[in-house]
Amino acid sequence: MLVTRDGYDIDDDPARLDMDVVHGFLASSYWAEGVTRDVVERSVAGSLNLGLYHGESQVGFTRAVTDRATFAWVCDVFVLSGHRGRGLGHWMVRTLLAHPDLTGIRRFMLATADAHQVYADCGFVPLDDPDRYMAIRHSPRELYGLLRLRTR
Ligand SMILES: CC(C)(COP(=O)(O)OP(=O)(O)OC[C@H]1O[C@@H](n2cnc3c(N)ncnc32)[C@H](O)[C@@H]1OP(=O)(O)O)[C@@H](O)C(=O)NCCC(=O)NCCS
């Protein structure tokens, strides 16, 4: 799948991803701080990925963790700072939701600290039954050894 607008492409070809850009951004993000290259590569291998490109350069990314039949978890959404505020984040999320592999999905979910409006504009609503959901969480700092490194 390849869509184009105003000199930008969104492409689902994993071979086109610039893993230096994807890993570079995620390793300094608030949700995956310190993530290793190996973990990013395995997450991409197990996901439906969209890269956002300006010419030859990758400037954004998102992926869905999905069974491609019933459920999709949307995550790792970013647009590099020089390209923000032009509607690209919305376009990327909307393109992911409309991807042919996600036709008929019953539930899309995501978590965000502060970008609620972007997702609300794309149709997401807060959970109306949060008491039904549970999670096991491991902090990136614990997982990727940042605490250990910093206290040495
Ligand atoms: C969130 C993000 C992907 C939006 O990308 P973008 O291309 O700037 O998004 P758009 O241009 O489509 O939309 C921007 C609009 O979303 C709003 N918005 C809401 N929450 C936002 C947030 N946390 N960051 C940026 N914009 C946000 C902006 O205020 C702006 O509104 P406006 O058009 O009325 O001014 C981008 O800012 C980003 O990569 N942020 C850092 C990574 C991040 O926080 N990702 C989301 C993780 S859940």
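Read the numbers this way: they start at 1 and go in the same order the structure lists the ligands and their atoms. Quick caveat, the model's predicted, so the values are computed rather than measured.
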Flag: protein heavy atom within less than 4.0 Å of atom 47 (C) of ligand 1 =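 So far as the 4.0 Å threshold goes, atom 47 (C) of ligand 1 is in reach of a protein heavy atom.
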query = Protein heavy atom under 4.0 angstrom of atom 37 (O) of ligand 1, is there one?
reply =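 Given the 4.0 Å limit, the answer for atom 37 (O) of ligand 1 is yes, a protein heavy atom qualifies.
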Measure from [atom] to every heavy atom in [options] and give the option owning the shortest one.
atom                    : options                      : result
atom 17 (C) of ligand 1 : Thr62, Asp121, Val118, Leu80 : Val118
atom 44 (O) of ligand 1 : Trp31, Phe61, Phe78          : Trp31
atom 39 (O) of ligand 1 : Val79, Val77, Asp114, Leu26  : Val79

Below 3.5 angstrom, do we get any N/O pair linking [X] and ligand 1?
X     : answer
Gly85 : yes
His90 : yes
Arg86 : yes

What protein heavy atom sits nearest [atom], and how far away is it?
atom                    : answer
atom 7 (O) of ligand 1  : Gly89 N, 2.8 Å
atom 24 (N) of ligand 1 : Ala115 CB, 4.8 Å
atom 11 (O) of ligand 1 : Gly87 N, 2.7 Å

task = Could you tell me whether the side chain of Asp18 and the main chain of Asp20 form a donor-acceptor pair under 3.5 Å?
result =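 Yes, the answer is positive, given that a donor and an acceptor are paired below the 3.5 Å cut-off.
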ask   = Is a donor on one side and an acceptor on the other found under 3.5 Å between the side chain of Arg68 and the backbone of Ile105?
value =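 Such a contact is absent between Arg68 side chain and Ile105 backbone.
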request  = Check whether any heavy atom of Trp91 sits under 4.0 Å from an atom of ligand 1.
outcome  =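 False for this residue.
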note = ligand 1 to Tyr119, heavy atom cutoff 4.0 Å, flagged ligand atoms 46 (C), 47 (C), 48 (S)
ask   = Any idea which atoms of ligand 1 are less than 4.0 Å away from a heavy-atom of Thr112?
value = 48 (S)
Asp12 side chain near Asn49 side chain, heavy-atom distance below 4.5 Å =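 They are not in side-chain contact.
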query = Does the separation of the ring centres of Phe124 and His116 fall below 6.0 angstrom?
reply = no
query = Are Phe61 and Val39 grouped together when hydrophobic residues (ILVMFWY) are joined by side-chain heavy atoms under 4.5 angstrom apart?
reply = yes
